[in-house]
Amino acid sequence: MEKKYDVLSRIEERYHKMSKSHKAIADFISEHYDQAVFMTAAALGETLGISESTVVRFASGIGYEGYPEFQKGLEDCVKGKLNSFQKMKAKYGRSSQSEVLTSVMAADIEKLQHTIENLDSAAFESAVNTIMTAENVYIMGLRSNGPLAEFLQFYLNMIRGGVVLLKSTSVSETFEQMIRINEKDSFIGISFPRYSMRTLKAMEFASDRNAKVIALTDSAHSPMCLYSSCNLLARSDMVSIVDSLVAPLSVINALVVALCLRCPQTVKKNLEMLEETWNNYQVYLNDEINFIGDDPILNYSLRKLE
């Protein structure tokens, strides 16, 4: 009888005997099985710079009759049969406790470096132009992607108006919130494995309404790219109890900075108006205190610090 979570179990058992090219495939599968499940043997080989036949031999080498059977095993992982503990064991099982911190942070650095090297600068420029010129900007990111969507909406709202954060527990409610979307608008869909079907449906709806759709996701093979005209790719993985979203957040930071540089006077005016409003209505009087020297200063003007 086959073991439950067979793909990673077989990789773990045979890893020390693998050739260099097979270890490269094993490492990629262990970290990105959610991405690999959508890839043919040829596409996987092209991604890793090895031949399609080597990928097929890898599948046979870990006990599958062929690549289709191996891919079926990956599908079982994506359907949720691999829990967080087993993912962590597969990723960090050979590490001591003292190495975990270094390992996790080094992995995040690697994801940032990979994103820097592979992000399409033309796509980034297109995204900035699209967001700048859109009449309304709709943003959607669910589950662990929710904080990314909220972060982007918070800062875009300081730069421009017409920013709509879509929050919903059903596809029908999402459509109700974006019923007026049209060709003058843009839609930013944020989704990393496991991919959100609700976000994908919303992107399809926006595309059908001729809105300009931007995808922030992990791979050109991501289903989020099906309906987008501009793809911002940031490396991520799920091999932990929490998703690694360091690189996606960095891409969002870059978007915000680029947008600020495009309209510095507008941003300055908006921030000054916000600061004046905060001071007039004493928004931060009771929950935020700035200390200068030994004395607490309430509502200390940002302009005085310049």
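None of the values given here were measured: they were computed from a predicted structure. Hydrogens, waters and symmetry mates play no part in the numbers below; they use all other heavy atoms, side chains included.
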Which atom names give the shortest non-hydrogen contact between A134 and S186, and what distance separates them? CB-OG, 3.5 Å
Partners meeting side chain to side chain contact (heavy atoms under 4.5 Å, CB included) with F124 (sequence neighbours left out): L119, V128, L232, A254, L255, A258
Residue pair V55, I50: steps toward the side-chain contact (heavy atoms from CB on, under 4.5 Å) verdict: CA-CA 8 Å; V55 176; I50 58 181; 4.1 Å; yes
Holding to side chain to side chain contact (heavy atoms under 4.5 Å, CB included), I want the full list of residues that pass it with Y155, two or more places apart in sequence or in another chain. F151, M158, V256
Taking T115 for the side chain and K111 for the main chain, is one N or O donor matched with an acceptor at less than 3.5 Å? yes
Quick one: pull up CG in L74 and CD in E69 and give me the separation to the nearest 0.5 Å. 11.5 Å
Please report the shortest heavy-atom distance between S222 and T217, naming the atom on each side. OG-OG1, 2.8 Å
Given I252, which of L156, L245, L148 fulfils the side-chain contact (heavy atoms from CB on, under 4.5 Å) condition? L148
Mind checking the OG1-CD1 spacing from T47 to I25? Nearest 0.5 Å is all I need. 11.0 Å
Shortest non-hydrogen contact from I181 to A206? CD1-CB, 3.8 Å
Donor on one side chain, acceptor on other, R262 and N129, under 3.5 Å: yes
Is V7 close to Y64 at the side-chain level, that is, under 4.5 Å between some pair of heavy atoms? yes
Measuring from M197:CE to S191:OG, what's the distance to the nearest 0.5 Å? 10.0 Å
With a 3.5 Å distance limit and no angle check, can you tell me whether N118 reaches the backbone of H114 through a side-chain donor-acceptor pair? yes
For D185 and N136, indicate whether the former's side chain and the latter's backbone hold a donor-acceptor pair under 3.5 Å. yes
Are Q153 and V137 packed together at the side-chain level, in the sense that at least one heavy-atom pair is separated by less than 4.5 angstrom? no
Looking only at side chains, do R57 and S60 share a donor and an acceptor under 3.5 Å apart? no
Report the distance from atom CD1 of I11 to atom NE2 of H22, rounding to the nearest 0.5 Å. 11.5 Å
Hey, does I214 have a side-chain heavy atom less than 4.5 Å from the side chain of I131? yes
Please assess N231 against S228 for the test side-chain hydrogen bond (donor to acceptor under 3.5 Å, both in side chains), listing each intermediate value before the final yes or no. CA-CA 7 Å; N231 301 321; S228 61; 2.3 Å; yes
Before you tell me yes or no, could you show the steps for E117 and Q113 under side-chain hydrogen bond (donor to acceptor under 3.5 Å, both in side chains), namely the whole-Å CA-CA distance, both residues' side-chain angles and the distance that decides it to 0.1 Å? CA-CA 6 Å; E117 295 171 356; Q113 188 61 45; 3.1 Å; yes
How far apart are the C-alpha atoms of F28 and L44, what are their side-chain angles, what is the distance that settles it, and do they pass the side-chain contact (heavy atoms from CB on, under 4.5 Å) test? CA-CA 9 Å; F28 184 86; L44 180 54; 3.5 Å; yes
How many angstroms lie between atom OG1 of T40 and atom CD of E46, to the nearest 0.5 angstrom? 8.5 Å
Please lay out, stage by stage, how L166 and I139 fare under the test side-chain contact (heavy atoms from CB on, under 4.5 Å). CA-CA 6 Å; L166 299 173; I139 304 171; over 6 Å; no
Verify side-chain contact (heavy atoms from CB on, under 4.5 Å) between V251 and L216, making sure each step is shown before the conclusion. CA-CA 9 Å; V251 172; L216 177 55; 4.1 Å; yes
Face-on cation placement of R10 at F70 ring, 6.0 Å and 45° thresholds: no
Salt bridge (charged side-chain N to carboxylate O under 4.0 Å, His left out) contacts touching residues 138-152 (sequence neighbours left out): E150-K167
Calculate, to the nearest 0.5 Å, the distance between atoms CG and CD1 belonging to L112 and I116 respectively. 6.0 Å
With no hydrogens and no angle check, just 3.5 Å: does a side-chain donor-acceptor pair link D218 and Y195? yes
Who passes side chain to side chain contact (heavy atoms under 4.5 Å, CB included) against A202, sequence neighbours left out? M140, T174, M178, F187
Within the 4.5 Å heavy-atom criterion, are M224 and L200 side-chain neighbours or not? yes
Sidechain-backbone polar pair: Q71 side chain, V37 backbone, donor-acceptor under 3.5 Å: yes
Which atoms form the tightest heavy-atom contact between Y67 and A36, and what is the distance? OH-O, 4.3 Å
Taking only residues two or more places apart in sequence, or in another chain, which ones meet S219 in a side chain to side chain contact (heavy atoms under 4.5 Å, CB included)? Q35, H221
In short, C260 meets I159 closest at the heavy-atom pair SG-CD1, 3.7 Å
Give every residue pair that meets the salt bridge (charged side-chain N to carboxylate O under 4.0 Å, His left out) criterion with at least one member in residues 203-216, sequence neighbours excluded. K201-E204
Would you name the heavy atoms of A41 and V56 that are closest together and state the gap between them? CB-CG2, 4.1 Å
